[in-house]
Amino acid sequence: MKMELGLGRCGLACALCSENNRCQGCDSGQCPEADRCENRACSMKKGLEGCYDCNGGDCRKGMLAKTKPLAFTLFAREYGPKELLRRLEDNEKTGVVYHRQGIQGDYDEFETAEQLFEFLKERNRM
């Protein structure tokens, strides 16, 4: 885990991304999607670290239309980005895989953001 990469503005875990050999995060100036990323543009315009700092309620812009980034954003909004990264790191140590094939992994198997949120919330209570 490359903890220094933290979270992307959309809530995805740059720290665990299998693409992080090429991409050094949203604000590195090296992000291949920087010019097209709605979440990056919106959060920068609002002066926020990421979507998890926004009080935009039910926003589903860009990557937030997908289950994993939405759940991660909601979790980071409620518990903080450091806690999300801690949970992801703990889960990785117990065998939960962020990217198994390409960019798909265990967190992509949840049908709803609510289910993934609950998994993150309850996972470390076992």
*Asks:* Among residues two or more places apart or on two chains, list those pairs meeting side-chain hydrogen bond (donor to acceptor under 3.5 Å, both in side chains) that have a residue in residues 37-60.
*Replies:*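 Listed once each, the pairs are R9-S43.
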*Asks:* Can you give the donor-acceptor pairs under 3.5 Å from side chains of residues 69-78 to other protein atoms, not counting sequence neighbours?
*Replies:*
{"residue": "T73", "atom": "OG1", "partner": "C10", "partner atom": "O", "Å": "2.7"}
{"residue": "T73", "atom": "OG1", "partner": "P69", "partner atom": "O", "Å": "2.9"}
{"residue": "R77", "atom": "NE", "partner": "C54", "partner atom": "O", "Å": "3.1"}
{"residue": "R77", "atom": "NH2", "partner": "C51", "partner atom": "O", "Å": "3.0"}
{"residue": "R77", "atom": "NH2", "partner": "C54", "partner atom": "O", "Å": "3.4"}

*Asks:* Give the cluster check for L120 versus V97: same hydrophobic cluster or not, with ILVMFWY residues linked at side-chain heavy-atom distances below 4.5 Å.
*Replies:*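 No, L120 and V97 fall in different hydrophobic clusters.
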*Asks:* When hydrophobic residues are tied together by side-chain contacts of less than 4.5 Å, even through go-betweens, does Y98 share a cluster with V96?
*Replies:*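 As far as the 4.5 Å side-chain criterion goes, V96 and Y98 are connected within one cluster.
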*Asks:* Tell me the closest heavy-atom pair linking A13 and L7, and the distance in Å.
*Replies:*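 For A13 and L7, the tightest heavy-atom pair comes out as CA-CD2, 4.0 Å.
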*Asks:* Pairing donors with acceptors under 3.5 angstrom, does anything connect the side chains of N91 and Y107?
*Replies:*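 Yes.
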*Asks:* Would you say that L16 contacts E92 through its side chain, given a criterion of any heavy-atom pair below 4.5 Å between the two side chains?
*Replies:*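 Contact flag for L16/E92 side chains = yes.
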*Asks:* Please report the closest heavy-atom contact between L12 and M63, naming both atoms and the distance.
*Replies:*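 Closest pair (atom of L12, atom of M63, distance): CD1-CE, 3.5 Å.
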*Asks:* Sort and list the pairs that fulfil salt bridge (Lys or Arg N to Asp or Glu O under 4.0 Å) and have at least one residue in residues 62-74, not counting sequence neighbours.
*Replies:*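 Pairs touching residues 62-74 that pass the test: K68-D108.
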*Asks:* For R100, give me all partners under side chain to side chain donor-acceptor pair (under 3.5 Å), at least two apart in sequence or on another chain.
*Replies:*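 Counting only residues at least two positions away or on another chain, R100 forms a side chain to side chain donor-acceptor pair (under 3.5 Å) with D106.
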*Asks:* Quick check against the 3.5 Å criterion: does E83 have a side-chain atom that pairs as donor or acceptor with the backbone of Y79?
*Replies:*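 Here the side-chain-to-backbone pair does not exist.
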*Asks:* Identify, with sequence neighbours excluded, every residue that meets salt bridge (charged side-chain N to carboxylate O under 4.0 Å, His left out) alongside E118.
*Replies:*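 With neighbours one apart ignored, the set is K121.
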*Asks:* Heavy atoms only: give me the nearest A15-L85 pair and the separation to one decimal.
*Replies:*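 Heavy atoms of A15 and L85 come nearest at CB-CD2, 4.1 Å.
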*Asks:* Between E89 and R86, is the closest basic N to carboxylate O distance under 4.0 Å?
*Replies:*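 Answer for the salt bridge query: no.
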